[in-house]
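Lettering follows sequence order; numbering is per chain, from 1.
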Amino acid sequence: MGYDFKNIEKKWQAHWSKNQTFKADNNSKKPKYYILDMFPYPSGAGLHVGHPLGYIASDIYSRYKRHKGFNVLHPQGYDSFGLPAEQYAIQTGQHPSKTTQENINRYREQLDQMGFSFDWSREVRTSEPNFYKWTQWIFLLLFDHYYCNTSDKAQPITRLIKRFEKEGNQFLNAVSDAGTPYFTSKDWNGFSQIEQQDLLLNYRLAYLSETEVNWCSDLGTVLANDEIINGVSERGGHQVTKKKMKQWSMRIGAYAERLLQGLEKIDWPESLKEMQRNWIGKSTGAKVLFQIEGHENKIEVFTTRPDTVFGVTFMTLAPELDLVQDITHPEQKEAVAAYIDETQKRTQRERMADVKSCTGVFTGSYVLHPFTQERIPIWIGDYVLADYGTGAVMAVPCGDQRDYDFAKHFDIPIKNIFKDISIENEAFTDKGTALIDNSDFLSGLSHKEAMKRVIHELEVLGCGEGTINYRLRDAIFSRQRYWGEPIPIYYKDKLPQPLKLKHLPLKLPEVEKYLPTPEGAPPLGNAVTWAWDSQNEKVVENKLIDHQIIFPLELNTMPGWAGSSWYFYRYMDAHNPDAFVGKEVVEYWKEVDLYLGGSEHATGHLLYSRFWQKFLFDINLLPVEEYAKKLINQGMILGTSAFVYRKPGTQTYISLELINQYEKLEPIRVDANMVNSADELDIDIFRKWQPQFENADFKFNNRVFKVGREVEKMSKSKHNVVNPDEICEQYGADTLRMYEMFLGPIDQAKPWNTAGISGVHNFLNKYWRLFHEGDKFIVNNDQPNKKELKILHETIKKITYDIEHFSFNTCVSKLMICVNELTALNCHSRMILSPLTLLLSPFAPHLASEIWKNLGNESTIDYIDFPIANETYLIEDTKNYPVSFNGKMRFTLELSLSLNNSAIQKAVLQDSRAVEYLNGKKPKKWIIVPNKIINIVY
RNA sequence: GCCUCGGUGGCGGAACUGGUAGACGCGCUGGAUUCAAAAUCCAGUUCUUUCGGGAGUGUGGGUUCGAUUCCCACCCGAGGUACCA
């Protein structure tokens, strides 16, 4: 009987579960260490081989930390609200909670199978009322606070009201909506309740505002950009337009600067921080006001180059600005309307991606230049985006390439304001070199000087000021979906009223259908029991609504990122009924020490959660301002997707070898399981796959239909998921764990392939054979020799170093080398094999546990101290190694890898050729690469 | 388009601060063992060659005594791009 992984794994998994081996204590004499995984969304396809990559890595680290004497918190849960369960519900009528529960059961089975050391007693699910109660509560807190720029933190809205009563808002330094009017205390006190509440919404951190969404009238629903392909809906291919809707938003913009500053304090990958910095997009410049000719309003623009203000020859507005309607000249109305219509059909991404075509329309109106009073034509153009800056740009064609192209295309004059620079062929965008010219008081100044001067002049004139702009937009928080957290708000006189903590959780109501209502209201509009009885403080039936005591409840739900923005605190105190996390508990665990997850969350989850953290910190609910000290990105495991190519509007599919003969084919993803390894599609299965393919017609040569292949993110929606189950079945969890680590560096994306898995499996077999001959346990008590000790200690040193640097692939290699060497030496000494088993334990915990027990140890291996490398076994006598001297100043030595530098220096200086070369001088600088080459500079 | 990351044998990858490129594993070739197979073990394996050598880390340049590593330009792939999570 050899290495019987099936029984071993079953046995130890049962043991861990029964003894609650990995249950973390909320107080301990040991130092604490919190290792967090990004929790999975339980999709219908089950766990795929990409999920465990990060989980294996964090599990290895958790087990290592336990061996190192830490009180490790390593929890797991489910991000269980989400679109796929809802879509499945729409198709089948099955309640998303049922689907979700089934998927979770499957996930749990798969996770258990891999021997993860999670503390399952702390499991959380975002879709559980006991969890989302607190998500709703945090929403209410956000609703109840505003951002004060003076104290630079969130403050209660009651404080704001007091200020308004005393002095209005003229001297207030707080973050608010653009265009919030000024009022005095007298004004405020004269306002009606409704007016006051309306104004307060301009300050609340969770607030209502008009925002644009992708509206599909045929489906009667709002679509995510993800659900739109080539401008039409993915489902059914219907047209999608932009529509304004009143939606909840989060004032994340208030935290832009702190989110930026906070990055300096955390140990996250530099690339990810850079992404967040760019996403926040801080830029310094100026606001400039342009008077509209014959109109009382002014247009405000933001520019990073106010120094080029004399080069302005036109102005461009984003087509969707309301202002456009106001200012369009009657003669241009038609053209403008047509253009706006056209842009509404394009997604923002298309607009940004498209730099070649240059489109726009003249509005027929003019603004006046603040300094020269020249008339400047106002255009609209879709290269200007409504939600960046003010949605308006002062166009300086000589200094900006897009403005330049636009001017050339529409034959608008270009004014050169750079001294001795030709703008014949392109704009001049360099800030450093040229002097400003042709610019009144700015002429002859450098960029830097001109910036200062022009801002001063603008402020004097009252036509602008220096300002900082952030690209970061406030986050839309409403979703027209069923399967999300209900927003704990009801509407009285159309104004939002918050529920109170004691009313929470506000549970999701039952609905007949998960689609929007026929009137286009969100799915919660289908609920019969969805009104708020403010007197009895409970949810009642809609038909009772009287707008006196019983009011309509909010129909939108929260987005996926709501629950995931704080879930890591719930793990600390998962069952606390009185608080989202207990004060003492959070004082103990404080923060996540290591967070492991994919970089695809860089500007989503990882930014939103930092925002909520800062808010909760501001109001003294959390002890730290950043929740994750260190973050490691695991690279994605990529899957191989398969594509068929359809002639648009038909059911004709073209085989890969023929696609060049057709124009404009639509690539459609098909389930990779319907395709064999030679890229041939099983046509019959394809026809049965989805009703739309039933009558598919195929065109192909050579008797087989070939699909196209593409490597991309592994995901159910891309139909390219590979399950870990078969591998567990065939090779065992320990093999899978080691193989996934062996695939390559943890942070690198890599396509899944199982080609090398037998090598890892062989290694575990070999490891087993170090201890066994047939059924006989052959470990002896021999004293190990020097060579064996050296192998062991080199391995300890390398493994310890590599685990701490998250280089798990090289750990596996090193273990393989070690086992090969010990096998060759026929070493079966307990004094070698016992510590070696500890080294293996984080990687292959089942096998290590079994062997540890067989070695006669009473306690299990899980909390045994990790071995420490003893340097004395590594340093060797250098006298016997040759030192070769080749020419100028280069020495080649054959030395032990782990020899220290001073020993090498000593060896070199004893060599006669070096003595001759140095001629009595002392080397100034040594460049030593062990086992390789030494440069001596003198 | 923009932001971020990556590109090394037939394949996954290694190479610590710029210092013998290809560790380790897969695959392949040959051998041992076996009635045979599996398993196991041993040897070989970047390409090319007239067997002297020559070329070689996506492409083209640059810095350096020396570049997979640093700099510039480009090509290709992946992730994100604000309602997938």
Look at all strands and tell whether [X] reaches a base, only sugar-phosphate, or nothing, counting heavy atoms closer than 4.0 Å.
X: Ser271(A); answer: sugar-phosphate
X: Asn820(A); answer: sugar-phosphate
X: Ser717(A); answer: nothing
X: Ser564(A); answer: nothing
X: Ala755(A); answer: sugar-phosphate
X: Val213(A); answer: base
X: Leu472(A); answer: base
X: Phe742(A); answer: base
X: His605(A); answer: nothing
X: Glu600(A); answer: base
X: Trp561(A); answer: nothing
X: Asp747(A); answer: nothing

Report the nucleotide, chosen from [options], that has the shortest atom-to-atom distance to any side-chain atom of [X].
X: Val222(A); options: C83(B), G27(B), G79(B); answer: C83(B)
X: Asn809(A); options: C26(B), A78(B), A14(B); answer: A14(B)
X: Pro745(A); options: G13(B), A78(B), C84(B); answer: G13(B)
X: Ser813(A); options: G25(B), A23(B), G80(B); answer: A23(B)
X: Leu83(A); options: G25(B), A23(B), C84(B); answer: C84(B)
X: Met275(A); options: A82(B), U4(B), A85(B); answer: U4(B)
X: Asn762(A); options: G79(B), U40(B), A15(B); answer: U40(B)
X: Ile817(A); options: A85(B), G25(B), A23(B); answer: A23(B)

With syn defined as a glycosidic torsion within 90 degrees of 0 and anti otherwise, which applies to G18(B)? anti
Could you tell me how the ring of His761(A) sits relative to the ring of Tyr731(A): parallel (under 30°), tilted (30 to 60°) or perpendicular (over 60°)? perpendicular
Parallel, tilted or perpendicular, judged at 30° and 60°: which one describes the rings of His601(A) and His605(A)? perpendicular
Separation of [X] atom [atom1] from [N] atom [atom2], in whole Å?
X: Met714(A); N: A78(B); atom1: CE; atom2: C1'; value: 14 Å
X: His805(A); N: A14(B); atom1: NE2; atom2: P; value: 16 Å
X: Met741(A); N: A14(B); atom1: CE; atom2: P; value: 13 Å
X: Tyr41(A); N: C84(B); atom1: OH; atom2: P; value: 13 Å
X: Arg769(A); N: U40(B); atom1: CZ; atom2: C1'; value: 6 Å

Is a donor-acceptor contact shorter than 3.5 angstrom present between the side chain of [X] and the base of [N]?
X: Gln247(A); N: C83(B); value: yes
X: Arg481(A); N: C83(B); value: yes
X: Gln480(A); N: C83(B); value: yes

For Arg106(A) and Gly46(A), work out which heavy atoms get closest and say how close. NE-CA, 4.2 Å
Taking any strand in view, what nucleotide pairs with G44(B) in a Watson-Crick or G-U wobble way, both distances under 3.5 Å? C28(B)
Which nucleotide, if any, forms a Watson-Crick or G-U wobble pair with A73(B), using both distances under 3.5 Å? U59(B)
Before accepting this row, confirm whether a basic side-chain N of the pair Glu270(A)/Arg277(A) lies closer than 4.0 Å to the acidic partner's carboxylate O. yes
Salt bridge flag under 4.0 Å for residues Arg669(A) and Glu712(A): yes
Nearest-nucleotide 5' precedence on RNA chain B, Thr603(A) against Val760(A): Val760(A)
Interatomic distance, Leu83(A) atom CG to Ser717(A) atom OG [nearest 0.5 angstrom]: 10.0 Å
When you compare U20(B) with A37(B), how far apart are their C1' atoms, in angstrom units rounded to a whole number? 43 Å
